[in-house]
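Here's the structure we're looking at; comments come further down.
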Amino acid sequence: MAIGAVRTVAIDQTLSDPEWRFAQGPLTRIRGFAVILSDAHGVEGHGYVRAMPPWTEPLEVVKASFDYLCEGLVGQDETAIGAIMDGLDHRLHGALPIKAGIECALLDLRARALGVPLHDLYGGKRQERFANTRIIPLKSPQRMAEVAEGLVSAGFRYLKVKVSGEPELDLDRVRSVRSAVGADIALMIDANESYTPKTAVRAINAIARFGLELVEQPTAATDFKSFIAVARALDVPVEADESAQDLPSILRIADAGQVESINLRILNLGGPSRTAQAVAICRAADLGFRFGAVFGSSIIHAHTVHLAASLPAPRFPHEFSEMALLNDDRFSGLSLEGGEVAVPTGAGTGLTLAG
């Protein structure tokens, strides 16, 4: 069966918390679009592409690259997903988040055409539901404690506390959160590269007395040697995020042997196929991995949930629920209840596109 049409639907979302902020700046709006591929029978597959300047190109540039990549896509065999993706790599270097959106739509189209859930294409489902890690954004220590209390009341048992590379303030933030939620809630922190190496070791080892399961990306991704040295020196297991944005970087981290976990995202890595390769690297190296938060439509979370459902459970829970912060999604069908996300049922992702 050939691809019959390619179209997009704009998805413009704002955050319900207008003061949401992390170490690299505020985040108030996500602009993107649904990728919709259809066949001659009218079956549709859905993917997602977004823009988050200054961390990505503006939406207009992203959309132009998408349009360029999709030239000639109509008429190609929808089942030849690997060949199509190889063709996109030859047509344009990089552009991994855009290619991810296209591959997601191709895989969803294939699963819906077969009448099977998406996880069947990945070898079948090992898990039905996932506990979730929720993010506490940067605020005053008191406000962060209040956010944490609200999340625990909603059923979340795993929290990720954002920190900003300010040792005393970060200490107060984690102390306040721990005091608010008690000893039974698992905490990790995410510095988003905000610490210098020497400060990271001193500050994070001090914060560790409040009980930390994991520290994500304490120092700059551009200084790999220092990142690995910090991972070796810390009393808390370290997870790579900004240092692990492509397959060669993940291989390098696995070879270094000091990092406990890799934070993976389908959009960053270029699609489910490359993400599966990243998972294979991690498993071969006995390196933990988790799927990290994605700010965008629930459709990209659903794609990630289906892939995760085919894999062993992580050592620290995935982050599938930040979609709850975003308004005006065009998709429905991904359930978040009591701090858990259920694997959607039905063909493909199981989600429905409004309009």
Side-chain angles (χ1 to χ4, degrees), residues 22 118-119 122 125-137 144 147-163 174 177-178 180-192 207-208 210-218 236-242 244 250 259-269 272 275-276 278-279 282-283 286-296 298 300-326 334-344 349:
F22 69 138
L118 184 57
H119 55 72
Y122 303 134
K125 182 171 55 176
R126 300 188 191 200
Q127 302 173 70
E128 297 278 352
R129 304 181 66 85
F130 294 94
N132 270 266
T133 302
R134 279 300 299 268
I135 296 173
I136 303 173
M144 291 176 74
V147 171
E149 286 181 312
L151 292 174
V152 171
S153 295
F156 292 95
R157 311 294 295 172
Y158 304 88
L159 302 177
K160 181 164 82 172
V161 182
K162 291 288 190 179
V163 295
V174 178
V177 168
R178 175 57 78 195
V181 302
D184 293 336
I185 301 301
L187 298 184
M188 64 175 289
I189 62 172
D190 182 6
N192 291 110
I207 294 171
F210 297 110
L212 298 179
E213 303 289 331
L214 203 61
V215 54
E216 184 177 331
Q217 199 64 45
V236 183
V238 169
E239 179 174 84
D241 181 2
E242 288 89 345
I250 294 171
V259 172
E260 294 287 331
S261 178
I262 301 290
N263 193 298
L264 303 176
R265 293 179 183 84
I266 286 175
L267 287 181
N268 291 354
L269 290 167
T275 306
V279 169
C282 292
R283 296 182 71 181
D286 194 26
L287 182 59
F289 64 89
R290 302 185 307 124
F291 289 107
V294 177
F295 287 86
S298 59
I300 190 59
H301 294 81
H303 275 281
T304 311
V305 166
H306 277 281
L307 179 57
S310 72
L311 299 169
R315 300 170 189 171
F316 200 83
H318 304 300
E319 299 170 27
F320 294 143
S321 50
E322 296 308 316
M323 62 181 184
L325 276 176
L326 275 72
L334 187 58
S335 169
L336 173 62
E337 184 177 351
E340 293 187 337
V341 167
V343 180
T349 62

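Counting from 1, the numbers follow the sequence of the chain as shown. As the structure is a prediction and not an experimental result, all values here were calculated from the model.
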Is there a side-chain contact between [X] and [Y], using heavy atoms and a 4.5 Å cut-off?
{"X": "Leu151", "Y": "Ile136", "result": "yes"}
{"X": "Ile250", "Y": "Leu269", "result": "yes"}
{"X": "Asp190", "Y": "Asn263", "result": "no"}
{"X": "Phe291", "Y": "Leu307", "result": "yes"}
{"X": "Met188", "Y": "Val161", "result": "no"}
{"X": "Glu239", "Y": "Val259", "result": "no"}
{"X": "Glu216", "Y": "Arg290", "result": "yes"}
{"X": "Pro344", "Y": "Val305", "result": "yes"}

Do the ring planes of His318 and Phe320 sit parallel (below 30°), tilted (30 to 60°) or perpendicular (above 60°)? tilted

Can you say whether the rings of His306 and His119 are parallel (under 30°), tilted (30 to 60°) or perpendicular (over 60°)?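 Because their plane-to-plane angle is under 30°, the rings of His306 and His119 count as parallel.
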
Walk me through whether Leu214 and Ile189 qualify under side-chain contact (heavy atoms from CB on, under 4.5 Å). CA-CA 7 Å; Leu214 203 61; Ile189 62 172; over 6 Å; no

To the nearest 0.5 angstrom, please state how far the [atom1] atom of [X] sits from the [atom2] atom of [Y].
{"X": "Ser310", "Y": "Lys125", "atom1": "OG", "atom2": "NZ", "value": "11.5 Å"}
{"X": "Glu337", "Y": "Ser321", "atom1": "CD", "atom2": "OG", "value": "13.5 Å"}
{"X": "Ile266", "Y": "Thr304", "atom1": "CD1", "atom2": "OG1", "value": "3.5 Å"}
{"X": "Glu149", "Y": "Leu159", "atom1": "CD", "atom2": "CG", "value": "11.0 Å"}

Any chance the side chains of Arg134 and Asn132 put a donor and an acceptor closer than 3.5 Å? no

Distance-only side-chain donor-acceptor flag, Glu242 / Asn192, under 3.5 Å: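 Short answer, yes.
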
Is a donor on one side and an acceptor on the other found under 3.5 Å between the side chain of [X] and the backbone of [Y]?
{"X": "Arg129", "Y": "Val343", "value": "no"}
{"X": "Arg315", "Y": "Phe289", "value": "no"}
{"X": "Gln127", "Y": "Leu311", "value": "yes"}
{"X": "Glu319", "Y": "Gly292", "value": "no"}
{"X": "Arg178", "Y": "Ile185", "value": "yes"}
{"X": "Gln217", "Y": "Asp241", "value": "yes"}

For the residue pair [X] and [Y], what are the closest heavy atoms and their distance?
{"X": "Ser261", "Y": "Leu287", "answer": "N-CD1, 3.9 Å"}
{"X": "Glu322", "Y": "Thr133", "answer": "OE2-O, 4.1 Å"}
{"X": "Val236", "Y": "Val215", "answer": "CG1-N, 3.9 Å"}
{"X": "Leu326", "Y": "Gly296", "answer": "CD2-N, 3.5 Å"}
{"X": "Ala302", "Y": "Leu334", "answer": "N-CD2, 3.9 Å"}
{"X": "Ala148", "Y": "Val181", "answer": "CB-CG1, 3.6 Å"}

More than 12 heavy atoms of other residues, nucleotides or ligands under 6.0 Å from CZ of Phe295: yes or no?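 Yes, CZ of Phe295 has more than 12 neighbouring heavy atoms, counting only those of other groups under 6.0 Å.
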
Basic-acidic side-chain contact under 4.0 Å: Glu213, Lys160: no

Would Thr275 and Arg265 satisfy side-chain contact (heavy atoms from CB on, under 4.5 Å), going step by step from the backbone distance to the final call? CA-CA 7 Å; Thr275 306; Arg265 293 179 183 84; over 6 Å; no

